[in-house]
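Basis for what follows: all heavy atoms, side chains included, without hydrogens, waters or symmetry-related copies. Owing to the predicted nature of the structure, the values given are computational and were not obtained by experimental measurement.
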Amino acid sequence: MVDDLEKADLAANNRIQHEPDEAIQHPAIATLRDGEPETAPSDKISIHSHSSAATIPFPPEGDEPTRSISKTPSARSRAATIIPRSKRRGLFSQFTIVPEVENSKEHKRSVKWFITAIIALAAAAAPMGSGIFLPALPELSKDLNTTPTITNLSVALYMLSLAIFPLWWSSFSETLGRRTIYIISFTLFMIFSVIAAVSTSIGMLIILRILGGGAAASVQAVGAGTIADIWEVRERGSAMGYFYLGPLLGPLIAPILGGVLSQRWGWRSTQWFQAIYGGALLLVLIFFLPETLVVQRPITTNGLPDEKTVRPQLTRTSTRQSVHIKTKKAAAVFKRCFIDPLSVLAFLRFPPVLLSVYLASITFGSLYVLNISIQQTFSESPYNYSVIILGLLYIPNSLGYVVASVLGGSWMDRIMHREARAANRYDENGKLVFLPEDRLRENAWLAAVMYPGALVWYGWTVEKGLHWIIPLIANFFFGIGSMIIFGSVTTMLTEMMPKKSSSGVAVNNFIRNIFSCVGGIVAHPIIDAIGNGWLFTIIDGESKWTKQ
């Protein structure tokens, strides 16, 4: 029997959390039939097995009572229940202007889009930290008296931090809440950016950039969880597309800013800019972002609290019992801090998750090989462009990201509706039943043709020294094709694991940023050895094999 102290600890640790771990399923989520008014009496979530993929069970962690999914009134048909200011969750929650509500999906649409915009701006911080530094790498090598390969480590290891730290941020956000994680992480991001700006050696700079990148990386996983908290599945593709504008506008604007700042005030000004950006975001998060994580209400017997919880018994404990209790508490802390964050990697044993993550990782690694290639190739003969021009060269592929992000989200939602209607998938209430894999369909074929072909186009045109406009057109199509993959996979992962949305995205970020880190390290020496043409031809072959 669990003793009273363990019950109290358990209750404290479960104030804010998702529903208990359940089976990962192909969630077929019912929504409105075409033409049915949005004020339908219910938004029932039903779990079906219409897909060929089987249910993926979690390993049992103990006996849990069987829970049924009940009908709940539509979020659009009732007013949101506002939580009193004194009971709001998260750090400094009493200062929040936007109120917290009991069910985050009940927010008005205008509030949902406002929260989405805040998270998108916050999500831009981490990728901006890599893009803003690319045009300044040649100057950094001279200033700190190091080699180009070592300076590339400041970008590559930064990407590695974006892979690792979200595992912890995601795990903690499931219990501490989204708001607390955002505020802590951006406070750290601002501090580390300030210290990085005054670095005196390449080693000091690399370490501080790793810490700063790891802090800003909280939004890489938790941000997608916030989107899943507030948006229904039938609208989530569009919302996720606009959310991704943040991390994609970062690489669009960052190289331009980096080129201007580093040429005018030196490479250190790029780190000062990050500190200012992080500080401004911190203020916005404190005053305008409410907690969105769903609260699980503890189940009580006959609606009455446990008598021992109300009036715990006071008993004398022996030294042996005290040591035993403290050991258990220390083991629980160790598990919470080290084992639980890494346990999300176990999701990779499920084929749908593994294949989705691997597809996105190959694409993301290709993106960073391309970024390094642009910086290296166009700074040398026959192009010999200045730092500012190097920054401008990243615009075409970033424009492709933006186009695919704005149009791709609603496109994915439309595909899901079309496939559900074509398969005549309706539940007993006449609502469409969606499957996550429907989001790929022709998107997989478009991406399989578009972005690998664009890589070969770019590689051989710069290899031959053709006019700059020719490879940059290829980069625009690379941006569209790669963003189709990123958006589809991320949204699918939030739907494959509806109770662990941020954990699924954290796994994706972990693997894909490891690929980007490796790509950033090996790109420079491989280009020197075999050239851009053969390098991107090899990547193209790997990409096509992955999609098959």
Side-chain angles (χ1 to χ4, degrees), residues 121-166 168-169 181-220 246-247 250-251 253-285 368 371-372 375 387 390-391 394 509 513 516-517 520-521 524:
L121 289 173
M128 184 182 293
S130 63
I132 202 170
F133 221 52
L134 290 173
L137 291 179
E139 182 202 351
L140 177 64
S141 299
K142 297 177 183 178
D143 187 39
L144 296 182
N145 192 26
T146 186
T147 64
T149 302
I150 298 299
T151 56
N152 283 341
L153 285 176
S154 65
V155 175
L157 295 181
Y158 180 91
M159 298 307 303
L160 184 62
S161 71
L162 301 189
I164 297 174
F165 282 79
W168 273 260
W169 293 128
I181 294 302
Y182 290 137
I183 291 176
I184 292 175
S185 61
F186 274 90
T187 300
L188 295 174
F189 174 66
M190 181 178 62
I191 294 172
F192 291 137
S193 296
V194 169
I195 303 176
V198 296
S199 298
T200 56
S201 67
I202 187 65
M204 178 181 179
L205 176 65
I206 289 175
I207 291 174
L208 287 167
R209 277 182 55 80
I210 290 174
L211 295 175
S218 62
V219 197
Q220 301 294 296
I253 299 173
I256 302 173
L257 283 174
V260 173
L261 291 172
S262 60
Q263 183 161 309
R264 181 67 179 84
W265 292 289
W267 65 267
R268 296 181 188 274
S269 63
T270 63
Q271 302 306 293
W272 286 113
F273 176 84
Q274 285 185 257
I276 295 171
Y277 187 77
L281 279 174
L282 181 60
L283 293 176
V284 172
L285 292 168
Y368 275 86
N371 285 347
I372 295 295
Q375 182 272 324
V387 174
L390 285 177
Y394 291 92
N509 284 329
N513 282 306
S516 67
C517 173
I521 294 174
H524 197 289

Is the shortest heavy-atom distance from the side chain of [X] to the side chain of [Y] under 4.5 Å?
X: N145; Y: I202; result: no
X: L140; Y: L205; result: yes
X: Y277; Y: L121; result: yes

Discussion item. Please enumerate all residues that pass side-chain contact (heavy atoms from CB on, under 4.5 Å) together with I276, with sequence neighbours excluded.
Written reply: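 Partners of I276 by the side-chain contact (heavy atoms from CB on, under 4.5 Å) criterion come out as none, since no residue qualifies.
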
Residues at least two apart in sequence or cross-chain that pass side-chain contact (heavy atoms from CB on, under 4.5 Å) with S201, listed by chain then number, are M204

Note to self: Within this structure, what is the CG-CZ distance for the pair L257 and F273, rounded to the nearest 0.5 Å?
What the structure shows: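 Separation between the atoms: 5.0 Å.
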
Here the gap from L160 atom CG to L153 atom CG, rounded to the nearest 0.5 Å, amounts to 10.5 Å

Run the side chain to side chain donor-acceptor pair (under 3.5 Å) test against S141 and tell me which residues pass, sequence neighbours left out.
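Residues passing side chain to side chain donor-acceptor pair (under 3.5 Å) with S141: T151.
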
* With sequence neighbours excluded, residues passing side chain to side chain donor-acceptor pair (under 3.5 Å) with S262 ->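 Scan of S262 (side chain to side chain donor-acceptor pair (under 3.5 Å), adjacent residues dropped) gives none.
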
Might you point out which heavy atoms bring [X] and [Y] nearest each other, and give the distance in Å?
X: T187; Y: I183; result: OG1-O, 2.8 Å
X: W169; Y: L188; result: CH2-CD1, 4.3 Å
X: F186; Y: A125; result: CE2-CB, 3.8 Å
X: L162; Y: A126; result: CD2-CB, 3.8 Å
X: N371; Y: Y394; result: O-OH, 2.9 Å

Residue pairs meeting side-chain hydrogen bond (donor to acceptor under 3.5 Å, both in side chains), one or both in residues 265-275, sequence neighbours left out, come to D143-W267, Q271-Q274

Quiz: residues 209-218 side-chain donor-acceptor pairs under 3.5 angstrom, not counting sequence neighbours:
residue : atom : partner : partner atom : Å
R209    : NE   : S154    : O            : 3.0
R209    : NH1  : G129    : O            : 3.1
R209    : NH2  : G129    : O            : 2.9
R209    : NH2  : S154    : O            : 3.4
S218    : OG   : S185    : OG           : 2.8

